2 protein chains.
Amino acid sequence: MISKESIEEKLKDNNYKLTPQRKAIIEALFDCKGHFVTAEEIFIKTMGKYPQTNFSTVYRNLEILEEIDIIHKTSIKDGAAVYELICDDSHHHHIICSKCGKTEIIKFCPLEQMKISIEDKDFTLTGHKFELYGHCNKCKEKETS
Amino acid sequence: MISKESIEEKLKDNNYKLTPQRKAIIEALFDCKGHFVTAEEIFIKTMGKYPQTNFSTVYRNLEILEEIDIIHKTSIKDGAAVYELICDDSHHHHIICSKCGKTEIIKFCPLEQMKISIEDKDFTLTGHKFELYGHCNKCKEKETS
DNA sequence: ATGCATGCAAAGCATTTGCAATCAA
DNA sequence: TTGATTGCAAATGCTTTGCATGCAT
């Protein structure tokens, strides 16, 4: 799937150094696999691994990690952005629990069937976003009880 | 399609008063039909119509208008949110120019074909987002020249 | 007359930045 | 050794809020 080692290698390839803070942030992201989490959550988890880590450092690294396609960034609702480790290289989308951030991967991409119907439009396509939102079963149980 | 009168009626129905500021904001949104625009752009346009309008008032009204489904809110990129008057009642999505905010409506919704393949997932669906991003021809021309 | 709406200024929140000190390579 | 990286604190940008005043109904 993906390993810390492969990420560290990718960082090296892009001329980034391996600081203990950076390693701790990556570990934190690993712990949150399958969930979109805020920078604050990552910061807290990182602090548990390497307490001498600053919030700015977290933000700066999240930016780097996004740039080299190690993590996804999106915003579920207004407010803080959320991040998730990319575990699957192939193009995909997400269904996201808007309560806890849990995600599942959706392999289906609507874009292919679309392309034809966009040709007549006044646009050159550069990107797209397709996200489903819902409540995961765990969160639904909490509601009921 | 949609008229200022119908919006004003909807406001009344929801027990909102018709202040000149509110009217000016609605007019501003009309002027921006077919474009996602920031609160600031709406504020500026509103000031041209009724200069005694405060930025807070704009935000407060955008919130109200979103709540009663008069406008759409989304965020194209990080930073400011963008808003657009809803001109078409039927469910649809958008292709959005990430340079100028221009939009075109896409009637196609991928959700229908999807529903079956989500049934096995651990989720109860509550919402979805499907947006295409690109450059409109006008913005592309500017690039070249 | 009543309470919703506004203006103003201050606060809130997530995120970014400048700069000096530090550390990985 | 040297430039990338960090910590710190301050600044930024967007948005929200409290409160007194004003205005639509």
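Every chain is numbered from 1 and lettered A, B, ... according to where its sequence line falls, protein lines coming before strand lines. What you are looking at is a predicted structure, and each value in this text was computed from that prediction instead of being measured.
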Between C:dC23 and A:Gln21, is there an OP1 or OP2 to side-chain N/O distance shorter than 4.0 Å? no
Between D:dA4 atom C1' and A:Leu18 atom CG, what is the distance in whole Å? 13 Å
Over the length of the helix from C:dA1-D:dT25 to C:dA25-D:dT1, how much do the five-pair end axes diverge, rounded to 10 degrees? 40°
Are A:Asp31 and A:Lys49 close enough for a salt bridge, meaning some N to O gap below 4.0 Å? yes
Taking donor-acceptor contacts at under 3.5 Å, does the side chain of A:Ser56 reach the base of D:dA10? no
Within the structure shown, what part of the strands sits under 4.0 Å from A:Thr53 by heavy-atom distance: base, sugar-phosphate, or nothing? sugar-phosphate
d(CG, A:Asn14; P, D:dA4) in whole Å: 14 Å
Compute the centroid of each ring, for B:His93 and then for A:His128, and state whether the two points are separated by less than 6.0 Å. no
What is the distance, to the nearest angstrom, from the NZ atom on A:Lys23 to the P atom on D:dT6? 13 Å
Among C:dG7, C:dA14, D:dG3, which nucleotide has an atom closest to any side-chain atom of A:Lys17? D:dG3
Want to settle it: does B:Gln52 or B:Asn15 sit nearer the 5' end of DNA chain C, counting the closest nucleotide to each? B:Asn15
Side chain of B:Asn54 - closest among C:dG7, D:dG7, C:dA5: C:dG7
Using whole Å, what does the distance between atom P of nucleotide D:dT15 and atom CD of B:Glu41 come to? 12 Å
May I ask you to check whether A:His94 and A:Phe36 place their ring centers less than 6.0 Å from one another? yes
In whole angstrom, give the distance that lies between atom NZ of B:Lys77 and atom C1' of C:dT15. 17 Å
Below 4.0 angstrom, N of the basic side chain to O of the carboxylate: do A:Asp122 and B:Lys102 qualify? yes
Would you indicate, yes or no, if D:dA24 has its OP1 or OP2 atom less than 4.0 angstrom from a side-chain nitrogen or oxygen of B:Thr19? no
Starting the side chain at C-beta, find the nucleotide from D:dG7, D:dT15, C:dG3 nearest to B:Ala81. D:dT15
May I ask you to verify if any side-chain N or O of B:Arg22 is less than 4.0 angstrom from the OP1 or OP2 atom of C:dT6? yes
Check whether any side-chain N or O of A:Tyr59 sits under 4.0 Å from OP1 or OP2 of C:dT16, and answer yes or no. no
Is A:Phe55 touching bases, backbone alone, or none of the nucleic acid, heavy atoms closer than 4.0 Å? nothing
B:Arg60 or B:Tyr83: which one's nearest nucleotide on DNA chain D is closer to the 5' end? B:Tyr83
Closer than 4.0 angstrom, basic N to acidic O: yes or no for A:Asp78 and B:Lys73? yes
Please check if the side chain of A:Thr126 supplies one atom and the backbone of B:Tyr133 the other of a donor-acceptor pair under 3.5 Å. yes
So, B:Thr103 side chain and B:Gly34 main chain: donor-acceptor pair closer than 3.5 Å or not? yes
What is the distance from CD of B:Glu63 to C1' of C:dC4, rounded to the nearest Å? 15 Å
Would you kindly check if the NZ (Lys) or CZ (Arg) of A:Lys129 is within the cone defined by 45 degrees around the ring axis of B:Phe130 and under 6.0 Å from the six-membered ring centre? no
Nearest-Å distance for atom pair CD/P, residues B:Glu8 and D:dA24: 13 Å
For B:Asn61, answer base if it contacts any base atom (sugar-phosphate contacts may also be present), sugar-phosphate if it contacts only those atoms, and nothing otherwise; contact means non-hydrogen atoms under 4.0 Å. sugar-phosphate
Starting at CD of A:Glu66 and ending at P of C:dT15, how long is that distance when rounded to a whole Å? 12 Å
